[in-house]
Each structure stands twice: as structure tokens, then as C-alpha cells.
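Contents: one structure, followed by commentary.
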Amino acid sequence: MSRFYAMASMATLAIAHAQPASAQATATDPAPPPIHATREVETFGPDYFARFQPYSAYDLVTLLPGFKLEEGDATVRGYAGASGNVLIDGQRPASKQETLEDVLRKIPVASVDHVELLRPGAAGVDMQGRSILANVVRKKDASTRVRLEAGGAFFYKTDEFAPKLAAEFSHRKGDRLIELAASMSRDIDDEHGFGSRDRAGPTGLPLRSVIYGQPEEERIAEATAAYQDNVLGGNLRLNGLLRQTRFRADITNIMITPTRDEEFGTERARTIDSEIGIRFERAIGARTQIEFLALRRMSNVSALNTEYSLSEDATTGKEEDGSETIVRGVVRRSGSLLSIEAGVEGALNVLDSARNLTDHGVAVPLPAANVRVEERRAEPFVTTNWKFSPTLSLEAGGKIEVSRLSQTGDSSLTKTFFYPKPRALLSWAPGKDTQLRFLAERVVGQLTFSNFLGAASLSTGVITAGNPDLEPDKLWRYEVAFERHFWGNGSIVLTARREDVSDVVDRIPVTGPGGTFDAVGNIGSGYRNEGQLDLILPFDRLHLEGLLLKANLLVRDSNVVDPATGEKRRISGDAPIGGEAHLTYELPQLKSRFGIDVGLPTEEASFKFNEVQIDKVGTRVGIFAEYKPTPQWNIRIYAKNLTNSPTTRIRTTSAALRGTVPVSFVETRVLRSGPYVGFTLQRAFGAH
């Protein structure tokens, strides 16, 4: 495989140098500078991106120097903490359910007027606690646009096809905008598949050999709608979403040695998500702006897992109803030297969950299996931005989280929390292409409601207890970032980060009437050190015209005392290293683009009370080619997981608390999904 990529790279370079002079001139045109630039705002027009042949707004933001797209996290309760780092027309996407990538891919390049890079101090901008934002500004000319998409992926190992169909409609007339979208897809998980699940004793002596399979897939149907217009002198936006997700996994466990045995299992789940939201913004005078937002999200999950064989017959079930209601109000005041933002956010979050386990038709009690969790939270906040000079600014402020968490059902408990969360970000730009940022902030984690509930996994045979005494982790974060722009489109960002964590949320043993179970709990204080590199490197200056490398790397070291052994170890879930690289080669004269994507191997560990579980994903390599015969068409073909990299799970298990008894066995599960190929065909209609 390495020889194949070496030959492909040599062929790519040969093609580049074999281009005619006129073609090379097109490919090597230097990237024009931003059409407008200050320390706080850089504006990039269509000419800046033209040489990269973008098709959607997603392509534009990924090409911004010094910028890395960061998705919001819909699982985070509340609105502010779930935000990503992209604005649309100066506003954060109102929906929490849609990913930023999905939102941006729905915006064709023809609809974009320009893109802005925003930094602390930008007038009237809510930075949402981030040091840099991208703002996609759309054209306001009257237009009607439609985008159709068809595609799919073929997995040769399982002879399965995963199709996707999508359609989007938008109509703009002045400030009025109507957007509709719908999609259907089947997604096959390429980190699950077929392989083995063998066990060995502590000395390495084989205990059993198993042929194992666990293919997983999701079928998703989604519809979204949005309406935006000027109302009462301000901007009003309404949005809605409805999504159904059906999850399916079929498990085969065929033991070859020491005796022949067969076990089978199924996992089924249906999730229905809905969301409605309203946001209103209005200017009051030349420098003051108010914003009001209300959002309601609901989710229903029904799941049933089974395991059966000649000797086993077990099922687990789950019914969950969750909801989130958010109300948020903000006032912003902009000034030449001082800007201030103040507001309050209130939220009500509810989860009703019922879980069960039966073994041969007999109910097995689960700890905290039927629980209602309710959180009422208010969070007032204020942020100020001081512009001391054209090169030096300070963003300072804080939030106060006041919340009440109650549990009823199998466990009853009420807790109140009060957490101040100060934050300060100092930005210094010693040169027009260089910036240094210094950050200090206090961050309070959120408790995951499911951690209050008991659960059972039939695939691993592990029962997890709910923990009503769980506290959120708290940390102080200190960060230094160096950003440098070079060679037109090039940029490098180096970040060093330190986190001092108290009440680390990890794994603990919980003892109850049914025995000792693993649970999520607090295990004391720890720390986390991180180093991060984000790079955009154009190769034009190296006479490799048309080549562009985008890469990021994160190196992490964390430390906490293990409650089972008393020894120091990393925090569960902290991968020591992670990153990816994307190399693209532009051929504008052929209206084409080629690329290679590489994902670095990752490893995460979970330290349960009687088991250490390590999950590894090998290096992933993919290639793609795009062809744009006209601005309306985009044809993409791709191949992924060409290395056929496995996902490996290693479970080192003891019969009781780790460190008090010898290891019982080491189980190694290796799964491969195989390489797969696919295509995407997009056609846009309307003004271009």
C-alpha cells in the first residue's frame, strides 16, 4: 500500500510539472489579500477562494487562514455552551440539532457575498467565549435556489450499499428568507464489522477463540424549515427540525475453541428528535443591540437489545423521553474603546428513563433503573472588551451558574449548585500577520443525565450502576496560542494548554443489594496538558503549484490517581494523540480537484473498577476526486479506509476490584469493515 501511495504522489507531481504554461498560470495565481482587514475583522471576497474551486460555504470556511472549524455539541445543555465557531449573517445558527457542517454545505458559493474572520473586539459580535469566529455573509439579492444531492457508499466486505438523497430550497426577497430541506440516508459504521474476539489468560495462554461480527448502521430521515424577515424594526428567525434515526446492529459470536458454541444478539433503537426555535434581534440606537431567543427540543428513544443461544436468553430495554427548554436574552453595547455584553439564560431540562434486564424471562434488578432527572438552571453573564490600542485588547467577564438538580423514582435526591465562572482573554498583535493570545478561565462540566441511571450491556456482559451522588468536574484552564499567517493562504497556530481539574469524573465501584457494579463517579483532582498544531500550508512557493496541506495534531497528557489501585494514570477517555491531514491538488484548467485524507491512529482507555478497557482505531487513509463541469454541478468520487485498519478493543478483566485479585483474562476484539467506495452528485438550480 505504501508503494502505491508513493507511485501516486510521483504521478501527481509529474502531472503538475507537465501542465502547459497557460494552465500553470491559472493554478499559481497568488491568493489575493483580504478585501478589508483590521485587527478584529478580516474580510475575504470571492476572489480569495476562486483558485480552490469551492462549491459550498463549508469549503470557504475550511480555507480561512488560522481557522479550524469546531462543531457545537448538541448534547451540552443550554444554548451558549453548545455553540460552534461559525456565524451565518452575523448570527449563530439557531438550531442545536443541525451540525455546522450540514448548515454550511446547504449554502452554495453563489449565495455567499463574503466571509469574515472575527476576533475579540469586533463591534457588536458575541464571541461566545471563542478567540476566533468565521462569519458567512450571504447575498441579499432576490433569488430562488434549489440544490439536489444523490450519493451512496458501497461496502464490498459486506456487499451493502448506503444511499443518500437530499433536497434543499431557499427563496430570498430583500430581508425575507425561506429555507426548506429534507434528506434520507443510510449510514454504515466503518468502525464496526467482522473479525475475532479471543480470550487469553494472564500468562497469554489461549482460553477461547471466537469468530465475531458486529456490523452497525443508522437510517436517518430529516426535515428542516426556517423563516426569516424584518419584524418590528428587527430581524426575526423561526426554525424547526424533525428527525428520525433507526439504529441496528446484529451480533454473531461463534466460539471455535475450547468447545463449539454459538451466540447471537441484536441491538435496535429508534430516536425521534424535534426542535422549534425563535430568535429576534433589534438595534436600539447606533451602538446598542438586543437579542431574544427561545428554543424547545424534545427526544424520544426506544431501544431493545437481545442475546440468545442454547444456554443464554437475555434482553435489555430502554424507554426515554427528554426535553430541553431554553430562554435567553442579551444586550450588547459597542464602543470604540469599550464594548459590553450582558444577559441571562434560563433552561429547564428533563429526562424520564425506564430500563430493564431479563435473563431467561426472569427480571434482574438494575440499580437506579427508573429515574426522572430534572434540572432548572439560570446563568447570568457579562462580558467586556477593552481595546487598549490597535494591537492590544482584553476580553474579560464571567458567568454565574445557579442550578437545581432533582431525581425521583428508584433514587430520590435534590442538589443545588452555584458556580462562578470568570474568564479573561488577552490578545496582542505585534505584526499584521502575527497574533498572541493568553487565556485563563474557569470551566464547570455538565452532568450527563444517563450517568444517574443503571444499564446493562449484553455485548460485554457489564452492568453499570447509576450514581445519584455525582458532581460535575471543575477546572481552571490556562492557554497560550501563537498564530502566524504566511504565503498568502498559509497559516500556523500553535497552542499550549493546561487544565487543573477537581472532582474528576471517571469510573468508580458502587456497591448495592445486587453486588458491586461499575459507575461514573468523582475520583479527586487531576491535571491535563495539551499541545495543539493547526496548519494550512500552500506549496506554491515550493514550486508544487496547486498543492495544499491542511493538518491538525493534538498531543495530550493527563494524570489522576486511580481509586482502585492508588496508582497514577491518565483520565478515562483522554487519547494521548490525535490528528488528521488533508492534501489536495487543484487543477482549475480541468475543473477538477484530487486529494488524500489521513486520520492518525487513536487510543482511549476506560478504567472500570474490575477492568481496563482500551479502544484503538488504526490509521485511516482515503482518496477522492472532484469534477465541476459547471458552477451548478459537483461530482465527487471517493474511497475510504484503504488501509483496512482495524478497530481493536482490549479488556483486561479481574473477578473483583482491580489490584486486589489477579487478572482473570484478557479479551481482544478486532473488527474490520474493509475499504469502501462512494460518490456524491450535486446539482444546483437558480441564480449563480
Side-chain angles (χ1 to χ4, degrees), residues 1 3-33 44-65 69 104-105 107-110 112 115 147 149-151 153 486-491 535-551 580-598 621-640 642 677-684 688:
M1 187 63 69
R3 180 180 299 177
F4 167 79
Y5 286 116
M7 294 173 63
S9 300
M10 293 174 63
T12 299
L13 296 180
I15 293 173
H17 290 290
Q19 296 177 64
S22 60
Q24 285 201 19
T26 302
T28 61
D29 286 342
F44 300 86
D47 291 344
Y48 182 87
F49 304 102
R51 67 197 297 261
F52 300 106
Q53 309 175 88
Y55 186 78
S56 68
Y58 175 78
D59 299 321
L60 302 183
V61 300
T62 58
L63 291 167
L64 293 172
L69 178 65
L104 292 169
R105 288 192 183 277
I107 303 175
V109 166
V112 179
V115 183
R147 186 183 75 92
E149 177 182 336
F486 60 92
W487 294 1
N489 299 101
S491 66
L535 176 69
I536 299 179
L537 177 63
F539 286 83
D540 295 355
R541 297 287 184 91
L542 302 177
H543 305 291
L544 298 173
E545 293 82 5
L547 283 179
L548 180 72
L549 173 67
K550 293 185 291 184
E580 55 190 17
H582 309 276
L583 182 66
T584 57
Y585 178 43
E586 302 284 345
L587 287 172
Q589 69 281 7
L590 297 180
K591 301 179 181 180
S592 302
R593 175 169 61 175
F594 303 89
I596 298 176
D597 302 315
V598 179
V621 177
I623 58 176
F624 71 88
E626 286 187 3
Y627 177 54
K628 301 180 179 68
T630 70
Q632 295 82 18
W633 283 95
N634 183 40
I635 303 169
R636 178 186 176 98
I637 58 174
Y638 60 86
K640 295 186 177 182
L642 294 176
V677 297
F679 73 96
T680 301
L681 179 65
Q682 299 182 74
R683 175 68 162 93
H688 292 277

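One is the number of the first residue; the rest follow in order along the sequence.
Two residues are said to be in side-chain contact when any heavy atoms from C-beta on lie closer than 4.5 Å; Thr62 and Leu104 fail this criterion. At a threshold of 4.5 Å between non-hydrogen side-chain atoms, the residues Tyr48 and Pro65 count as touching. When side chains are defined from C-beta on, Ile536 does not count as touching Phe486, because their heavy atoms never get closer than 4.5 Å. Looking at heavy atoms from C-beta onward, Thr584 lies in side-chain contact with Phe624 at the 4.5 angstrom threshold. The shortest side-chain heavy-atom distance between Leu549 and Phe539 falls under the 4.5 Å cut-off. The shortest side-chain heavy-atom distance between Leu642 and Ile623 falls under the 4.5 Å cut-off. At least one side-chain heavy atom of Leu587 sits under 4.5 Å from a side-chain heavy atom of Tyr585. Using a 4.5 Å heavy-atom cutoff, the side chains of Phe44 and Leu64 are in contact.
Across every non-hydrogen atom of Tyr55 and Gln632, the tightest pair is OH-O, 3.3 Å. Minimum interatomic distance between Ser56 and Val109 (heavy atoms only, all atoms of both residues): N-CG2, 3.4 Å. Counting all heavy atoms, side chain and backbone alike, Ala150 lies closest to Phe679 at O-CE1, 3.8 Å. Here the closest heavy-atom approach between residue Tyr638 and residue Ala153 is recorded as OH-CB, 3.6 Å. Of all heavy-atom pairs spanning Val677 and Ala639, the tightest one is CG1-CB, 3.9 Å.
Using modelled atom types, one side-chain atom of Lys591 and one backbone atom of Pro629 make a donor-acceptor pair closer than 3.5 Å. Looking only at distances, a side-chain donor or acceptor of Gln53 sits under 3.5 Å from a matching main-chain atom of Ser592. Within the 3.5 Å criterion, the main-chain N or O of Gly546 finds a donor-acceptor partner in the side chain of Asp540.
Here the CZ-OH distance, from Arg593 to Tyr627, works out to 15.0 Å after rounding to the nearest 0.5 Å. Distance NZ/Lys550 to CG/Leu583: 11.0 Å, rounded to 0.5 Å. Leu548 contributes atom CG, which lies 12.0 Å from atom CG of Leu544 (distance to the nearest 0.5 angstrom).
For Lys628, the salt bridge (Lys or Arg N to Asp or Glu O under 4.0 Å) partners at least two apart in sequence or on another chain are Glu626. Contacts of Val112 classified as side chain to side chain contact (heavy atoms under 4.5 Å, CB included), with partners at least two apart in sequence or in another chain: Ala57, Leu60, Ile107, Val115, Val136. Asp597 meets the side-chain hydrogen bond (donor to acceptor under 3.5 Å, both in side chains) test with His582; sequence neighbours excluded.
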